[in-house]
Amino acid sequence: MSAPVTQMWMGGIHATNCVEITDDASRLDDGSFWAVSISFEGKARFARFANVSESNFPSHDWDPLISRWSTSQSQSEYIAYVSSIRESIASGGVYQVNACRILSHPFEEGSLEGLFTQLLERNPAQFAFYLSVDGLEVASASPERFLSRNGSKIITSPIKGTIRSDEDVFGDKDKAENLMIVDLMRNDLGRICEAGSIEVSELFRNEKHPGITHLVSDVEGRLISGISWREIQEATMPPGSVSGAPKSSALSIIEKNEGSRGLYCGTLGWIHGERAELSVAIRTFWREGSTLNFGTCLLYTSDAADDSLR
């Protein structure tokens, strides 16, 4: 497998010729095209690209990995984590928590370009994303919009609820979970949008994906004039749909039990002046150094008998 080429691709937008890499969110306001990678804990890597065009992602071969993956939590550790969440729910300290673990695999040489080619072919996703810069390579098949911006308009589309593709009806529990996160995202957007501008433009939309159907809602608002990307990031990260509710309580539980998720459940995408497309970093592989990582998550709510895989 060949070494990765420095580039970004998302939704037909192909960026090349990286001229700057920084973690300074104030640089995002300069009007340039920036590829964005922010971890769940807020560690950011922004890459400024000089050349941006529209094209399909070039096809590459992929050799499947055959050795075993390691896990950030053993079976007993994960069971104990789940038990602690249920206790917190029972005591009223939290309503919903996304419990995650990270799978890892040695990956000494080569590129994830072939893996991303496979993702595009076998699991096409609206927010599929590839990034290769110094020290980081990402191949994502995320179906979930975190934030889209066009001028002063901003929209988020949280996913809560999953059924098989041969099913058509979501249950009351799915709708209650979705509504819970809609309210959470309304609150987050309320910190950066003009008063009275936030609305739920679509509630409980069915979105078809390979093998499954997601329940999705849209929340949008009008940004406060002159607001910076740093302020937007600080008000909305990490994404509510992969944290829990209330967000502050869920984050405390996650930090205590998981340590660092890294890129999983953070955000990926691009920012170009007052336009942006950012995804929730789920169904995402990423390589840092010689290790390939993949996150997996279970959603636990007050109805623990109906937990769902994310």
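Reckoned from all heavy atoms, side chains included, excluding hydrogens, waters and symmetry mates. In this text the structure is predicted, and so the values were computed from the model without any measurement.
- In summary, the side chains of Ser104 and Asn293 do present a donor paired with an acceptor at a separation below 3.5 Å, with no hydrogens or angles considered.
- Taken to the nearest 0.5 Å, the CG atom of Leu112 stands 11.5 Å off from the OG atom of Ser140.
- Between the side chain of Glu144 and the backbone N or O of Ile159, at least one donor-acceptor pair lies under 3.5 Å.
- A pairwise comparison of heavy atoms in Cys265 and Cys100 identifies SG-SG, 4.2 Å as the closest pair.
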- Message: Using side chain to side chain donor-acceptor pair (under 3.5 Å), reason through Glu231 and Ser228 one step at a time and then give a plain yes or no.
- Response: CA-CA 5 Å; Glu231 292 171 305; Ser228 69; 3.2 Å; yes
- Query: Passes side chain to side chain donor-acceptor pair (under 3.5 Å), Ser53 versus His14? Steps please.
  - Reply: CA-CA 5 Å; Ser53 61; His14 189 204; 4.6 Å; no
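- Side chains of Arg48 and Asn17 form no contact here, defined as non-hydrogen atoms less than 4.5 Å apart.
- Rounded to the nearest 0.5 angstrom, Ser148 OG and Asp218 CG are separated by 9.5 Å.
- Residues Trp270 and Phe33 place their aromatic rings such that the two centres sit under 6.0 Å apart.
- Looking only at distances, no side-chain donor or acceptor of Thr213 sits under 3.5 Å from a matching main-chain atom of His209.
- Salt bridge status for Asp183 with Arg186: present, with a side-chain N to carboxylate O gap under 4.0 Å.
- For the residue pair Thr117 and Ser59, the shortest heavy atom distance occurs at CG2-OG, 3.6 Å.
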- Between Phe129 and Val36, is a side chain to side chain contact (heavy atoms under 4.5 Å, CB included) present by the stated rule, with each step listed? CA-CA 10 Å; Phe129 174 90; Val36 173; over 6 Å; no
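- The ring pair (Phe, Tyr, Trp, His ring centres under 6.0 Å) test with Tyr130 is passed by exactly one of Phe116, Trp286, Trp9: Phe116.
- You'll find the side chain of Ser157 reaches within 4.5 Å of the side chain of Ile155, heavy atoms only.
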- Item | Test log, rule side chain to side chain donor-acceptor pair (under 3.5 Å), inputs Gln7 and Thr16 | CA-CA 5 Å; Gln7 59 180 315; Thr16 57; over 6 Å; no
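- Considering only heavy atoms from C-beta on, Phe46 comes within 4.5 Å of Leu28 through its side chain.
- Taken from CD in Glu194 to OG in Ser152, the straight-line distance is 7.0 Å, to the nearest 0.5 Å.
- Ring centroids of Phe204 and Phe170 are separated by 6.0 Å or more, keeping the two rings apart.
- The environment of Glu202 atom CD is dense: over 12 non-hydrogen atoms of other residues, nucleotides or ligands sit within 6.0 angstrom.
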- Message: Is there a side chain to side chain contact (heavy atoms under 4.5 Å, CB included) between Thr236 and Ile192? Walk through the geometry before answering.
- Response: CA-CA 9 Å; Thr236 59; Ile192 56 176; 4.0 Å; yes
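- Between Leu292 and Phe285, the shortest heavy-atom contact is CD1-CB, 4.1 Å.
- Both Trp62 and Trp69 are members of a single hydrophobic cluster when ILVMFWY side chains are connected at heavy-atom separations under 4.5 Å.
- Annotation: side chain of Ser279 is not in contact with side chain of Arg145 (no heavy-atom distance under 4.5 Å).
- The two residues Lys247 and Gly240 have their closest heavy-atom pair at CE-CA, 4.0 Å.
- The residues Glu207 and Arg205 are annotated as salt-bridged, a charged nitrogen and a carboxylate oxygen being separated by less than 4.0 angstrom.
- Ion pairing between Glu177 and Lys160 fails under the 4.0 Å rule for side-chain N and carboxylate O.
- For Arg27 and Asp24, the salt-bridge test fails: no basic side-chain N is under 4.0 Å from an acidic carboxylate O.
- Counting heavy atoms from C-beta outward, Trp229 and Arg149 have side chains that approach closer than 4.5 Å.
- When all heavy atoms of Val133 and Ala47 are compared, the pair lying nearest together is CG1-CB, 3.8 Å.
- With rounding to the nearest 0.5 Å, the separation of OG in Ser70 from NE2 in His105 is 9.0 Å.
- In this structure, CD on Glu113 lies 4.0 Å from NE2 on His60, to the nearest 0.5 angstrom.
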- Item | Criterion side chain to side chain contact (heavy atoms under 4.5 Å, CB included) on Leu268 and Leu131, from CA distance to verdict | CA-CA 9 Å; Leu268 301 166; Leu131 175 67; 5.8 Å; no
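- The CG atom of Asp188 sits 10.5 Å away from the SG atom of Cys193 when rounded to the nearest 0.5 Å.
- For the pair Leu120/Phe57, a side-chain contact is recorded, criterion being any heavy-atom separation below 4.5 Å from C-beta on.
- Residue-environment remark: CG (Asn56) stays at or below the threshold of 12 foreign heavy atoms within 6.0 Å.
- The two residues Asn98 and Arg261 come nearest to each other via the heavy atoms O-NH2, 2.6 Å.
- Panel note: side chain Glu167, backbone Arg164; a donor-acceptor pair is recorded below 3.5 Å.
- Side-chain N/O atoms of Glu41 and Ser260 include a donor and acceptor closer than 3.5 Å.
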- Message: Test ring-ring contact (aromatic ring centres under 6.0 Å, His included) on Tyr264 and Phe40; report intermediate values, then the result.
- Response: CA-CA 6 Å; Tyr264 183 57; Phe40 184 79; 8.5 Å; no
- Message: What verdict does the side chain to side chain donor-acceptor pair (under 3.5 Å) test give for Asn178 and Ser217, after you've listed the backbone C-alpha separation in whole Å, the side-chain angles of each residue and the deciding distance to 0.1 Å?
- Response: CA-CA 7 Å; Asn178 192 288; Ser217 295; 2.7 Å; yes
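- Val216 and Ile212 fall into different hydrophobic clusters, where Ile, Leu, Val, Met, Phe, Trp and Tyr side chains are chained together by heavy-atom contacts under 4.5 Å.
- The closest side-chain heavy-atom distance from Leu179 to Leu203 is below 4.5 Å.
- Checked by atom type, the side-chain pair Ser72/Glu258 shows no donor-acceptor distance below 3.5 Å.
- Using a 4.0 Å cut-off between charged side-chain N and carboxylate O, Glu77 and Arg101 make no salt bridge.
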- Message: With side chain to side chain contact (heavy atoms under 4.5 Å, CB included) as the criterion, how do Thr6 and Asp134 come out once you've worked through the C-alpha distance, each side chain's angles and the decisive distance to 0.1 Å?
- Response: CA-CA 8 Å; Thr6 301; Asp134 186 29; over 6 Å; no
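- A heavy-atom distance below 4.5 Å is found between the side chains of Leu136 and Arg45.
- Taking a 6.0 Å sphere around NZ of Lys208, one finds it holds more than 12 heavy atoms contributed by other residues, nucleotides or ligands.
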